[in-house]
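These figures come from a predicted structure and were not determined experimentally.
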Amino acid sequence: MSDLRVALTIDTEHPDHPADAGNPSRLVAALAAADARASFFLQGRWAASQPDLARSIAERGHLVCNHSNAHAPMPMLTDEGIRDAVRKAERAIETATGTSPRPWFRCPYGEGEDDPRVLGVLEELGYRNVPWDVDHEDWRPGRSADELVSGVVRDVVVYGDGAIVLLHSWPDATLAAMPAMITGLRAAGADLVGLDELA
């Protein structure tokens, strides 16, 4: 095992911008081709709409995580609203993948990750929020694959062991960048691991 472990975390949801509907499945295939493991934060509504792909993510050995049901900012919801959003997503994810996403949760947009009320409800439900260390906003229109590769590899090396990288399953740039990103990270001495391997 390398002294430089990195977790690629992939928020998997209905896109915020126009996107090729085939990108998530192509991204899963690119990870398989590189024999690389990632952690997928699945939106419940997405998992329910793409059950075959959601199941293949789990079957390929990736870590399955919860990204709420409809991607609503957690601080905008009441305690009961948070419970409902998390539980609905959990049921949809378990139905689609055959595996539980607990205890891994990511607040949509990162909103609520420092809110004691939100974190308290998540803990009550058996979850802990997972923030990120490296983010090059792959979702931004016009973002290039080269920018993503160079930025992610550089920042992972600067951060050091245990870096958590935020990516999304639907942007063209992410799909285009993934093979070179994996190659670059490995050339820098990194092992690609799931969040469950960072503990």
Side-chain angles (χ1 to χ4, degrees), residues 7-28 31 37-133 135 137-140 164-172 174-175 194-196 198:
L8 299 181
T9 65
I10 302 173
D11 289 4
T12 304
E13 66 226 4
H14 295 293
D16 293 331
H17 305 289
D20 188 322
N23 281 356
S25 63
R26 295 183 192 109
L27 189 68
V28 172
L31 289 164
R37 187 170 186 242
S39 301
F40 282 80
F41 284 87
L42 305 184
Q43 181 193 67
R45 288 189 320 131
W46 182 90
S49 71
Q50 303 288 332
D52 292 342
L53 181 52
R55 181 169 289 273
S56 77
I57 287 169
E59 288 176 346
R60 289 179 183 271
H62 300 295
L63 187 67
V64 171
C65 314
N66 189 328
H67 196 38
S68 85
N69 192 56
H71 213 255
M74 295 289 103
M76 292 179 58
L77 304 177
T78 64
D79 289 5
E80 192 51 43
I82 295 171
R83 293 185 190 101
D84 184 61
V86 174
R87 287 171 175 154
K88 278 184 178 175
E90 183 177 292
R91 287 194 295 271
I93 293 165
E94 287 184 343
T95 297
T97 67
T99 189
S100 172
R102 291 188 194 184
W104 315 102
F105 186 86
R106 174 166 286 156
C107 290
Y109 312 105
E111 294 185 19
E113 65 182 21
D114 56 358
D115 185 326
R117 180 182 70 88
V118 171
L119 297 178
V121 177
L122 291 175
E123 183 177 6
E124 166 199 316
L125 296 170
Y127 286 93
R128 63 175 182 264
N129 182 68
V130 179
W132 56 83
D133 307 305
D135 175 17
E137 299 183 337
D138 61 339
W139 51 269
R140 282 194 179 277
I164 297 173
V165 179
L166 172 61
L167 298 165
H168 296 77
S169 66
W170 50 269
D172 293 339
T174 309
L175 176 61
L195 291 167
D196 53 342
L198 291 180

K.L.:
Tell me if a side-chain donor or acceptor on Ser39 pairs with a main-chain N or O of Leu195 at a distance below 3.5 Å.
P.N.:
yes
K.L.:
Which heavy atom of Thr99 sits nearest a heavy atom of Ala58, and at what distance?
P.N.:
CG2-CB, 4.1 Å
K.L.:
Check Thr97 against Ala54 and note the closest heavy-atom contact, atom names and distance.
P.N.:
CG2-O, 3.4 Å
K.L.:
Determine yes or no for a side-chain-to-main-chain donor-acceptor pair under 3.5 angstrom, with Ser25 supplying the side chain and Gly22 the backbone.
P.N.:
yes
K.L.:
Looking at Asp138 and His168, would you say the former's side chain and the latter's main chain have a donor-acceptor pair under 3.5 Å?
P.N.:
yes
K.L.:
Measure the spacing between OG of Ser68 and CZ of Arg45 and express it to the nearest 0.5 Å.
P.N.:
9.0 Å
K.L.:
Is there a side-chain contact between Gln43 and His14 in this structure, where contact means two heavy atoms from C-beta onward sitting under 4.5 Å apart?
P.N.:
yes
K.L.:
Strictly distance-based, threshold 3.5 Å: is any side-chain N or O of Arg106 a donor or acceptor partner for the main-chain N or O of Pro131?
P.N.:
yes
K.L.:
Are the side chain of His62 and the backbone of Ala38 linked by a donor-acceptor contact shorter than 3.5 Å?
P.N.:
yes
K.L.:
Verify salt bridge (Lys or Arg N to Asp or Glu O under 4.0 Å) between Glu90 and Arg87, making sure each step is shown before the conclusion.
P.N.:
CA-CA 5 Å; Glu90 183 177 292; Arg87 287 171 175 154; over 6 Å; no
K.L.:
What's the verdict on side chain to side chain contact (heavy atoms under 4.5 Å, CB included) for Ile93 and Phe40, showing C-alpha distance, side-chain angles and the deciding distance?
P.N.:
CA-CA 11 Å; Ile93 293 165; Phe40 282 80; over 6 Å; no
K.L.:
Let me see the working for Met76 and Glu111 under side chain to side chain contact (heavy atoms under 4.5 Å, CB included), right down to the final yes or no.
P.N.:
CA-CA 9 Å; Met76 292 179 58; Glu111 294 185 19; 5.5 Å; no
K.L.:
Could you measure the distance from the CZ atom of Arg83 to the CD atom of Glu80? Nearest 0.5 Å is fine.
P.N.:
5.0 Å
K.L.:
Is there side-chain contact between Leu53 and Trp46, with heavy atoms separated by less than 4.5 Å?
P.N.:
yes
K.L.:
So which heavy atom on Tyr127 is nearest to which on Pro101, and how close?
P.N.:
OH-CG, 3.3 Å
K.L.:
Between Ala92 and Ala47, what is the shortest heavy-atom contact and its length?
P.N.:
O-CB, 4.2 Å
K.L.:
Strictly distance-based, threshold 3.5 Å: is any side-chain N or O of Thr9 a donor or acceptor partner for the main-chain N or O of Val165?
P.N.:
yes
K.L.:
Between Arg60 and Leu31, is the side chain to side chain contact (heavy atoms under 4.5 Å, CB included) condition met? List the steps.
P.N.:
CA-CA 9 Å; Arg60 289 179 183 271; Leu31 289 164; over 6 Å; no
K.L.:
Counting distance only, does the side-chain N/O of Asn129 pair as donor-acceptor with the main-chain N or O of Cys107 below 3.5 Å?
P.N.:
yes
K.L.:
Working to the nearest 0.5 angstrom, can you tell me the gap between Leu42 CG and Cys65 SG?
P.N.:
7.5 Å
K.L.:
Which word best sums up how the rings of His17 and Trp170 line up, parallel for under 30°, tilted for 30 to 60°, or perpendicular for over 60°?
P.N.:
tilted
K.L.:
Do the side chains of Arg128 and Trp104 get nearer than 4.5 Å, heavy atoms only?
P.N.:
yes
K.L.:
Please report the shortest heavy-atom distance between Asp20 and Pro24, naming the atom on each side.
P.N.:
O-CD, 4.1 Å
K.L.:
Are Arg91 and Glu94 packed together at the side-chain level, in the sense that at least one heavy-atom pair is separated by less than 4.5 angstrom?
P.N.:
no
K.L.:
Assess the residue pair Ile164 and Leu198 against the criterion (side chain to side chain contact (heavy atoms under 4.5 Å, CB included)); give the C-alpha distance rounded to whole Å, side-chain angles, the decisive distance to 0.1 Å, and a yes or no.
P.N.:
CA-CA 9 Å; Ile164 297 173; Leu198 291 180; 4.0 Å; yes
K.L.:
What heavy-atom pair brings Val86 and Asn66 nearest, and what distance separates the two atoms?
P.N.:
O-ND2, 3.2 Å
K.L.:
Do the side chains of Phe41 and Val130 get nearer than 4.5 Å, heavy atoms only?
P.N.:
yes
K.L.:
Tell me, do Pro108 and Glu13 make a side-chain contact under 4.5 Å, heavy atoms counted?
P.N.:
no
K.L.:
Please report the interatomic distance OH(Tyr109) to CE(Met74), rounded to the nearest 0.5 Å.
P.N.:
10.0 Å
K.L.:
Can you measure from OG1 (Thr174) to CG (Asn23) and round to the nearest 0.5 angstrom?
P.N.:
8.5 Å
K.L.:
Would one find more than 12 heavy atoms of other residues, nucleotides or ligands at under 6.0 Å from atom CD of Glu59?
P.N.:
yes
K.L.:
What distance do Thr12 atom OG1 and Leu27 atom CG have between them, rounded to the nearest 0.5 Å?
P.N.:
7.5 Å
